[in-house]
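Here is the structure we will look at.
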Amino acid sequence: MTRAEGFGAGSATPLEARLRHLAESRIAIEGISIEIDGGRFPAKVVAGMPVAIEADIFSDGHDSIDAALIWRKCGDDAFSEARMQFLVNDRWTAMLSLAENAAYEVGFLAWRDLFATWRKEVSKKFAAGQRIGLELEEGRRLIADAIAGDGTEEDRALFERLLQRDAGAQDEGERFAHLNAPDVAAAMERSGPRTHLTRSKLLPVFADREAAAFSAWYEIFPRSQSGDVARHGTFDDVIARLPYIRELGFDVLYFPPIHPIGSVNRKGRNNTLTPGPDDPGSPYAIGSEAGGHDALHPELGSFDDFARLVEAAKEHGLELALDFAIQCAPDHPWIKEHPEWFDWRPDGTIKFAENPPKKYEDIVNVHFYREAIPSLWYALRDVVLFWVEKGVKIFRVDNPHTKPLPFWEWMIGEVREQHPDTIFLAEAFTRPKVMKRLAKVGFAQSYSYFTWRNGKQELTDYLTELTTEECRHYMRPNFFANTPDINPVYLQTSGRPGFRVRAALASTLGGNYGLYNGFEICDSAPVPGKEDYLNSEKYEIRAWDMDQPEHIKDDIRLLNHIRRSHPAMRDFTNLRFYNAVNDNVLYYGKASEDGSDFLLFHVNLDPHNRQEFQFEVPLWEFGLPDDASIEVEDLLNGNRFTWHGKWQGLDLDPTTRPYAAWQLFAPGVPR
C-alpha cells in the first residue's frame, strides 16, 4: 500500500498523490544523531552495549505526541521496538542495544497520541470545575477505537470492562477517575491508535564486536624475537614471547608484514641504499620469488607453524593482527603476472613509490583503475579472505588514504558479508576529513593525531571533538603512543617520566590504544632532527632486553589492569574533562552507564617538573552538594579514604609517578 492509498486516494492524480503523501507525514523527525551523511554510511555501535540514540521529533499545535525507535537485522522481516523518552526542546532519546555482530537497519516512528492529549486537556477542565460530559464521551470513543485496533488481548479486555462499567455511571468525577486511571493510560500508550503515524527512513547501523572499540595493541617484529641479532626470529620464537605480552595486559598482538621480502633495491640499515649481504630489508617491501601477499617469509616458518602461533595466541587471550600493505617489491610475482596493475615510465621501467622528497626505492605501488579494475580489486579482497581463513580477523591497513575510497568501501563490505567480526584499523595520518571518510567507509578503528597532542588545551579540544561531535558515531581512534615509523619528539626529550605520561594518557583516554615494543624500556634514540628511530627495526634485526633498568612495565601492567577491571573504561564517548587549576595537569573521568563505576584521572603533562594544584571533585555527578563527602579508592595503591567537600589539593612529581587514578563511590552503592 502506498502512502496515498493509505488515505483512500484510489486513482488520485499525481498532484493529489503528492498532497496526500505530504499530509500523511504530519510529525517531523529530524536531527537524528546516527544519521551519517543522510544515511549514506552506517553509524557504528558495539554488539550488546547500550547506546543512546536521539532525534528531534515534533508536530504542529499542542497535541501530545509519542515516538519509538525500531530496528532489525538486515535480511530480517520483523522489527523490534523501544519507546522513546522526551528530553528537552523537542529532543527525544532511547537506548539501543543490538545483540549480534551484524548489519542493522534503524528507524523512528512518531504519532499523535490523542488519548494523552485528551487526558491533559480534560484534567485541566475538571480541575477548574467545568462540566466535562461531552469530553467523557470523547474519551469513551477513543477507548472504543483502541478495542478495534491491534493491541494486546489483555489491553482490549481491560478497555471492554472499563466501557461496561462506565456505561451505567452518572457522576462525572467518578467516570473521569475511571477513564483517567493510570492502568488505563498505560494500556492506551501500549495499544491505543497511533494517529498520523509517521515513519523516518531506515538508517544503516553496524554492530561490531567489542574488540573494535576496546583493545590494547602490542606491536612486534617477529624476526626480532630470537634474542640474537645474528639469528632470524621464527613463529616459535614469537610463541615463546606470548606469556610476557599477555602478562603486560595486552589483548592484540600486531605484526608488520610477514611476507617474503624483495631483493631488488633492498634497503640497508637506517634506510640506506647500500645493504650488506646479511641485511634483511624492510618487511614493507613485499614479494619475491618466494611469493607475495599470500605467502610467508621463509625464515619465519611454515603455515603449520603460523597455525600453531594463532592457536597459542588464543590460549593466552591474545588475538593476532596483521599488516595489510598494498605495495610490492620490484620482484613481487604480480609485476610479471599482472603488469597492467602497475604504472610504467616512458622508458619501460616501473615507477617506484615516492612521497617527495622521500623515495621508497624498494617498493612500487599498484594503481586501481584502467585495466586493474576489477581484477586487482578481487585479488586484494581475496588476500584478506585468505588470511581470515588462516585465523586472522584484525588488519592494520598501511596508508589507506593513498588508495581509492570506493575500493575500501567495497572491499570491507565484501569481507564483512562473510565475516562480520573482521576489524580494520586505518593507519592514516592525513587530513581530518580524509581520516573521517575512511572511518565512514568501513574502518572500525583509526589512527589519530593523539601522537602529537601533548598540551592540556590541545588534548582537551581534540578529545572533545572525538567524543561529542558527529564523528563519535563512526570514528573510533586507536591511540598509538609510538610506532616503528614515529618516534615522537615528546618521547625523545622527556625521558622515563614522559613515557609514563604518554602510557597513562593513551590507555585511559582511549578505548583502543597501542604500544610498539621498546616503549616499555623507554627506547627513543632518534635519527638526529627526525621522528625516526636510530637503528630502526624496519631495516635490521634487533635483540630486545626488556629488563633494562628504568623500565616502565609495572605502569603498563597496572594501567591495563585498570582498563580490564572497570566497566567505565570500555566506553570512549563517556569521557568528561574536569577542572584542575593548573595548565600542566589534565584531569578527566569516565563513568559506566548506570553510574556504578566512576573513575577519575590526573596526569602531569610536564615530564620535568613537579606540579601542585587544586581540583574540583565532581560531586554534582552524584547529585551531592558542594560540601558533601565521598568515599575514594586510590587505584594505584589500593587505599581508601574520604574526600570532604568539592575542592581538594594534590601534587604530582614526574620522578615518582606523573599520574593518579581514583574510583569514587556514590553513597549507597555496594562496595
Side-chain angles (χ1 to χ4, degrees), residues 33-34 43-54 69 82 85 87 93-99 101 205 207-216 249 251 445 460 463-464 466-468 472-473 476-479 504-513 558-579 586-603 615-624 628-636 638 640-643 646 659-671:
S33 61
I34 57 168
K44 297 188 179 87
V45 299
V46 174
M49 180 179 288
V51 60
I53 307 297
E54 297 182 1
L69 183 70
Q85 302 298 317
L87 288 174
T93 187
M95 296 304 294
L96 175 66
S97 182
L98 303 178
N101 174 199
V205 175
D208 281 295
R209 59 187 175 104
E210 189 183 40
F214 184 75
S215 58
D251 45 58
Q445 297 182 14
T460 301
L463 270 295
T464 299
L466 294 177
T467 57
T468 65
R472 73 189 187 278
H473 292 298
R476 302 189 189 101
N478 190 318
F479 288 164
L505 291 173
S507 60
T508 60
L509 285 170
N512 302 300
Y513 93 105
L558 179 57
L559 292 165
N560 279 333
H561 172 73
I562 292 172
R563 283 171 54 86
R564 291 196 310 273
S565 57
H566 287 275
M569 299 302 295
R570 295 182 177 270
D571 194 2
F572 174 61
T573 59
N574 63 353
L575 177 68
R576 299 293 180 269
F577 290 99
Y578 298 111
N579 183 26
L586 192 69
Y587 173 36
Y588 52 95
K590 290 190 170 189
S592 59
E593 182 65 35
D594 62 4
S596 62
D597 190 37
F598 193 103
L599 306 186
L600 292 175
F601 301 91
H602 295 96
V603 182
F615 67 93
E616 286 185 294
V617 180
L619 296 170
W620 60 89
E621 300 281 19
F622 301 89
L624 298 174
S629 299
I630 194 164
E631 186 178 350
V632 185
E633 179 178 345
D634 181 346
L635 294 179
L636 307 184
R640 290 197 177 187
F641 51 91
T642 300
W643 278 336
K646 183 173 73 170
Y659 61 91
W662 322 93
Q663 182 174 8
L664 274 58
F665 298 93
V669 172
R671 304 295 188 265

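- A distance-only check finds a donor-acceptor pair linking the side chain of Gln445 to the backbone of Ala211 [under 3.5 Å].
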Margin query: Working note: Phe615 + Leu600, criterion side-chain contact (heavy atoms from CB on, under 4.5 Å); need CA distance, chi angles, decisive distance, verdict.
Written below: CA-CA 11 Å; Phe615 67 93; Leu600 292 175; 5.5 Å; no
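- Panel note: side chain Lys590, backbone Leu509; a donor-acceptor pair is recorded below 3.5 Å.
- Under the 4.5 Å side-chain criterion, counting only non-hydrogen atoms from C-beta, Pro667 is in contact with Leu624.
- Smallest separation of non-hydrogen atoms from Ala660 and Leu636: CA-CD1, 3.8 Å.
- In terms of heavy atoms, Ala47 sits closest to Asn101 at CB-N, 3.8 Å.
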Margin query: For Asn560 and Arg564: C-alpha separation, side-chain torsions, deciding distance, then whether side-chain contact (heavy atoms from CB on, under 4.5 Å) applies.
Written below: CA-CA 6 Å; Asn560 279 333; Arg564 291 196 310 273; 3.8 Å; yes
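- For the pair Arg563 and Phe214, the distance from NZ or CZ to the six-membered ring centre is under 6.0 Å and the angle to the ring normal is within 45 degrees.
- Separating the CG atom in Leu96 from the CD1 atom in Ile53 is a distance of 5.0 Å, to the nearest 0.5 Å.
- Residues Ala212 and Asn512 approach most closely at O-ND2, 3.1 Å, considering heavy atoms.
- Between the side chain of Ser592 and the main chain of Asp597, a donor-acceptor pair closer than 3.5 Å is present.
- Checked by atom type and distance alone, the side chain of Thr642 never pairs as donor or acceptor with a backbone atom of Glu631 at under 3.5 Å.
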Next item on the list: List the steps and the verdict of side-chain contact (heavy atoms from CB on, under 4.5 Å) for Leu599 and Ile562.
Entry: CA-CA 10 Å; Leu599 306 186; Ile562 292 172; 4.3 Å; yes
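- For the atom pair Asp634 CG and Arg640 CZ, the distance stands at 11.5 Å (nearest 0.5 Å).
- Between Ala591 and Asn574, the shortest heavy-atom contact is O-ND2, 2.9 Å.
- The minimum heavy-atom distance linking Phe622 with Phe598 is given by the pair CZ-CG, 3.5 Å.
- Residues Arg570 and Val46 form no side-chain contact, since every pair of their non-hydrogen atoms from C-beta on lies 4.5 Å or further apart.
- Using a 4.5 Å heavy-atom cutoff, the side chains of Thr508 and Tyr659 are not in contact.
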Next item on the list: Could you go through the side-chain contact (heavy atoms from CB on, under 4.5 Å) check for Phe479 and Leu505 one step at a time?
Entry: CA-CA 9 Å; Phe479 288 164; Leu505 291 173; over 6 Å; no
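- Ring planes of Tyr578 and Tyr587: tilted class, angle from 30 to 60°.
- In this structure, Ser33 and Arg472 approach most closely via the heavy-atom pair CB-NH2, 4.5 Å.
- In this structure, CG on Leu664 lies 8.0 Å from CG on Leu619, to the nearest 0.5 angstrom.
- With rounding to the nearest 0.5 angstrom, the OG atom of Ser629 is 14.5 Å from the NZ atom of Lys646.
- Remark: Asp208 engages Arg476 in a salt bridge, criterion side-chain N to carboxylate O under 4.0 Å.
- For the atom pair OG1 (Thr460) and OH (Tyr588), the distance works out to 10.5 Å, reported to the nearest 0.5 Å.
- Taking CZ of Phe601 as the start and CG of Leu575 as the end, the distance is 9.5 Å to the nearest 0.5 Å.
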